[in-house]
S.K.: 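Okay, handing you the structure first.
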Amino acid sequence: QVQLVESGGGLVQAGGSLRLSCAASGRAFSQYGAGWFRQAPGKEREFVATIDWRGGTTYYTDSVKGRFTISRDNAKNTVYLQMNYLKPEDTAVYYCAASSTAVPGPKTWYSYWGQGTQVTVSS
């Protein structure tokens, strides 16, 4: 079982940056793929980014390419989402997720989810 806890959310002005962290429990996490998702009020949850178990293969939704970077440090059991040039439309609750699939993609099934962290971008 993997337990995930997100942190780093907050309020930021458009054009600013935030770094989200996802702290995971369990030795097996280093072998899991991971991803970030977000959900804005009244909208469906959407895929943001994924990273493979080694941290070498990543995928991003088009709207965040060039602005967001997903990374991981398996020695710390932590996944990060660096968010730059934030826009008001990035406002959402951001969720970290983990999958037993070592190299996940946007449609991979994720079995483990954090509780989410709020990101609010003001204009």
Side-chain angles (χ1 to χ4, degrees):
Q1 182 85 6
V2 174
Q3 183 172 315
L4 307 172
V5 179
E6 303 97 332
S7 63
L11 175 64
V12 65
Q13 293 184 355
S17 298
L18 286 173
R19 188 177 79 158
L20 306 183
S21 297
C22 174
S25 64
R27 295 176 61 189
F29 180 73
S30 64
Q31 299 174 315
Y32 280 47
W36 287 95
F37 297 78
R38 66 187 182 186
Q39 187 168 23
K43 297 184 178 180
E44 296 181 343
R45 180 176 296 181
E46 68 169 334
F47 158 77
V48 176
T50 65
I51 189 166
D52 78 326
W53 71 283
R54 298 181 301 173
T57 301
T58 59
Y59 298 91
Y60 300 91
T61 191
D62 287 345
S63 64
V64 307
K65 287 181 179 178
R67 300 189 298 121
F68 291 10
T69 302
I70 187 171
S71 62
R72 69 190 299 165
D73 185 342
N74 285 339
K76 298 180 179 180
N77 265 18
T78 302
V79 177
Y80 305 96
L81 185 67
Q82 178 67 47
M83 305 185 295
N84 299 323
Y85 309 104
L86 283 161
K87 304 175 180 180
E89 50 262 46
D90 295 319
T91 296
V93 176
Y94 283 71
Y95 298 90
C96 178
S99 173
S100 59
T101 300
V103 187
K107 298 184 178 180
T108 296
W109 177 263
Y110 288 84
S111 298
Y112 307 101
W113 294 82
Q115 64 181 4
T117 185
Q118 177 70 47
V119 172
T120 302
V121 184
S122 64
S123 60

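This structure is a prediction, so every number in the text was calculated from the model and none was measured.
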S.K.: If Ile, Leu, Val, Met, Phe, Trp and Tyr residues are connected whenever their side-chain heavy atoms lie under 4.5 Å apart, and connections chain through other members, are F47 and L86 in the same group?
M.R.: no

S.K.: Consider only side-chain heavy atoms of I, L, V, M, F, W and Y, link residues closer than 4.5 Å, and tell whether Y95 and V2 are in one cluster.
M.R.: no

S.K.: Can you check side-chain contact (heavy atoms from CB on, under 4.5 Å) on R72 and Y80, steps first, answer last?
M.R.: CA-CA 6 Å; R72 69 190 299 165; Y80 305 96; 5.8 Å; no

S.K.: If you measure from CD on Q118 to OG1 on T91, what distance do you get to the nearest 0.5 Å?
M.R.: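 Output value for this atom pair is 7.5 Å.
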
S.K.: Would you call the rings of W113 and F37 parallel, tilted or perpendicular if under 30° counts as parallel and over 60° as perpendicular?
M.R.: tilted

S.K.: According to the disulfide (SG to SG under 2.5 Å) rule, which pairs have a member within residues 5-121, sequence neighbours left out?
M.R.: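 Residue pairs passing disulfide (SG to SG under 2.5 Å), neighbours aside: C22-C96.
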
S.K.: Answer yes or no: is there a donor N or O on one side and an acceptor on the other, between the side chain of S99 and the main chain of T101, under 3.5 Å?
M.R.: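 Yes; judged by distance alone, with no hydrogens or angles, the pair exists.
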
S.K.: Between the main-chain N or O of G26 and the side-chain N or O of N77, is there a donor-acceptor pair closer than 3.5 Å?
M.R.: yes

S.K.: Are any of the side-chain heavy atoms of D90 and R67 separated by less than 4.5 Å?
M.R.: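 D90 reaches R67 side chain to side chain.
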
S.K.: Please give me the minimum heavy-atom distance between I51 and S71, naming the atom from each residue.
M.R.: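 It is CD1-CA, 3.5 Å.
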
S.K.: For this output row, return yes or no: ring centroids of Y112 and F29 closer than 6.0 angstrom.
M.R.: no

S.K.: Please give me the minimum heavy-atom distance between P88 and S123, naming the atom from each residue.
M.R.: CG-CB, 3.8 Å

S.K.: Is it true that D62 and K65 make a salt bridge, defined as a side-chain N closer than 4.0 Å to a carboxylate O?
M.R.: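 Salt bridge: yes.
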
S.K.: Looking only at heavy atoms, what is the nearest atom pair of G35 and Y110, with distance?
M.R.: N-CE2, 3.8 Å

S.K.: What pair of heavy atoms forms the shortest contact from A98 to L4, and how long is it?
M.R.: N-CD1, 3.7 Å

S.K.: Side-chain contact, heavy-atom cut-off 4.5 Å: T120 with V12?
M.R.: no

S.K.: Determine whether more than 12 heavy atoms belonging to other residues, nucleotides or ligands lie under 6.0 Å from atom CD of Q13.
M.R.: no

S.K.: Looking at T78 and K76, would you say the former's side chain and the latter's main chain have a donor-acceptor pair under 3.5 Å?
M.R.: yes

S.K.: How far does OG of S7 sit from OH of Y94, to the nearest 0.5 angstrom?
M.R.: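 Between atom OG of S7 and atom OH of Y94 there are 15.0 Å.
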
S.K.: Listing request: all side chain to side chain donor-acceptor pair (under 3.5 Å) pairs with a residue in residues 45-60, at least two apart in sequence or in separate chains.
M.R.: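 Listed by first then second residue: R38-E46.
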
S.K.: Is there a donor-acceptor pair under 3.5 Å between the side chain of Q3 and the backbone N or O of S25?
M.R.: no

S.K.: Can you check ring pair (Phe, Tyr, Trp, His ring centres under 6.0 Å) on W36 and F68, steps first, answer last?
M.R.: CA-CA 11 Å; W36 287 95; F68 291 10; 9.9 Å; no

S.K.: Would the distance check show the side chain of E6 and the main-chain N or O of Q115 forming a donor-acceptor pair, the cut-off being under 3.5 Å?
M.R.: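 Looks like yes, one N/O pair under 3.5 Å.
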
S.K.: Is any side-chain heavy atom of L81 closer than 4.5 Å to one of T69?
M.R.: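 No - every pair of side-chain heavy atoms lies 4.5 Å or more apart.
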
S.K.: Side-chain contact test, heavy atoms from C-beta onward, threshold under 4.5 Å: evaluate it for M83 versus S17 and give yes or no.
M.R.: no

S.K.: Passes side-chain contact (heavy atoms from CB on, under 4.5 Å), V93 versus T117? Steps please.
M.R.: CA-CA 5 Å; V93 176; T117 185; over 6 Å; no

